[in-house]
Amino acid sequence: MTVRDFPENFLWGSASSAYQTEGGNTNNDWFQWEHADGTSAAEPAGDGIDHFSRYDSDFALLAALGQRAHRMGLEWSRIEPAEGEFSQAALDHYRRVLLSMRRHGLLAVVTLHHFTLPRWLTDRGGWLAADAVEVFGRYVDRVAAELGDLMPYVGPINEPQILALGSYGQGMFPPGVRDLAVATTVSFTLMKAHRRAVTGLRAGKGNPLIGACLQLIPFEPLLPGDPGDEAAAAALNSMMTELPLADLAAGGDVGDWVGLQYYTRARIDSRSPQLLAPPPDGAETTDSGWEVYPTGFGQMLQRISAARLPIIVTENGIATTDDSQRLRFLAAHLAVLKQEMDRGLDVRGYFVWAAFDNFEWGAGFRPRFGMIGIDRADGMRRVVRPSAVAFGRLASTGDLSEMTGAAR
Ligand code: BGC
């Protein structure tokens, strides 16, 4: 007898982004960053996982495994290669991509901006340009007019506050600025850009359901009661969690759902230059050095419910070369998800980051987030891991023991 742990129409899928998978993107700020001297980038994204050409067989594989939905991205610098100049060929390509998803029975959740900016925009200030929101809006308008009918769900901007922090606060992403005040300004700008995207999408074709996708991190003082740690944790919490959630709660049209992306917690040590303390002694960690901390997932699900919108978990996953660790990670986080739903949270879907091993930004291709591996020595052959099989069964049956059983 199968007992359904999750609702029948729950959105089960995995996630990817354009730059991390497509390959052949040379017209954005990340390409420049990877090829500039003195940046922290490990290697170029190059051919990615050649998803640009292989999207159809990739979608066929995800569907055959049992997945029902897929979160993917459009690359702005392909669609608008020069300012105000739109590529019909790129738009037609993405139309074929979205039609392929539909044909394979995968519901599309589309990201319009996932960390990469066209070069022409970074050349004149990127998200600090005075007209950045309107320029982004013009791109969204065009995409909505061309492709809106094929985008049932849209999460316009991936992790606005992480983008702001990585690019302008920690200097880990282009343009490599390290100034928390600038990062806070950019975070506000990106929330405005989210609202502008909602307006554009409402006016376009079709009727996409729209959501802001936020990575939420529990920021905890390393030493509770220590004034420095408490203050630093509070400042990060305010910028990364409170401000975007307050913006979503402030009224006006902010969309139809909210996306939660969750990986780990952060213990804040005001004496360390990066403000980050290592995970506690003995804690399980991932290949990225992040602590495995499912408790924080429950906390952040609760926190994001303040937006008073249905929740979709748009990313959750782990970098590991040990797929049994991935199975345990997913099973533990899904158990927390079920518990929170049983307590009444309105969660509509769950997407594993990532569908495939892919380009992990500054860390290059080394971290393995995929439920499906890529054999780069063998023509980028797709290698289905046990986690992908178990997750596909869960997607088909709604039965959590598909994961927990496989994880044992
Ligand atoms: C991003 C992904 C990234 C993942 C793992 C998220 O912040 O949206 O692009 O690969 O985390 O680091």
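All ligand and atom numbering here is 1-based and tracks the order in the structure.
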Results of side-chain hydrogen bond (donor to acceptor under 3.5 Å, both in side chains) for [X] - residues two or more places apart only:
X: D141; answer: R196
X: W353; answer: none
X: E230; answer: none

message: Is the terminal nitrogen or CZ of R78 (NZ for Lys, CZ for Arg) located under 6.0 angstrom from the six-membered ring centre of F52 and within 45° of that ring's axis?
response: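 Because its charged atom sits under 6.0 Å from the ring centre and within 45° of the axis, R78 does stack over F52.
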- request: In plain terms, say whether E134 and R138 are close enough for a salt bridge, that is, a side-chain N and a carboxylate O under 4.0 Å apart.
  value: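 No, this pair does not count.
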query: Centroid-to-centroid, F173 to W33, below 6.0 Å?
result: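 No, the ring of F173 stays outside the 6.0 Å limit from the ring of W33, centre to centre.
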Contact residues of ligand 1, where a non-hydrogen atom lies under 4.0 Å away: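 Q20, H114, N158, E159, Q215, Q261, Y263, W290, E315, W353, E360, W361, F369.
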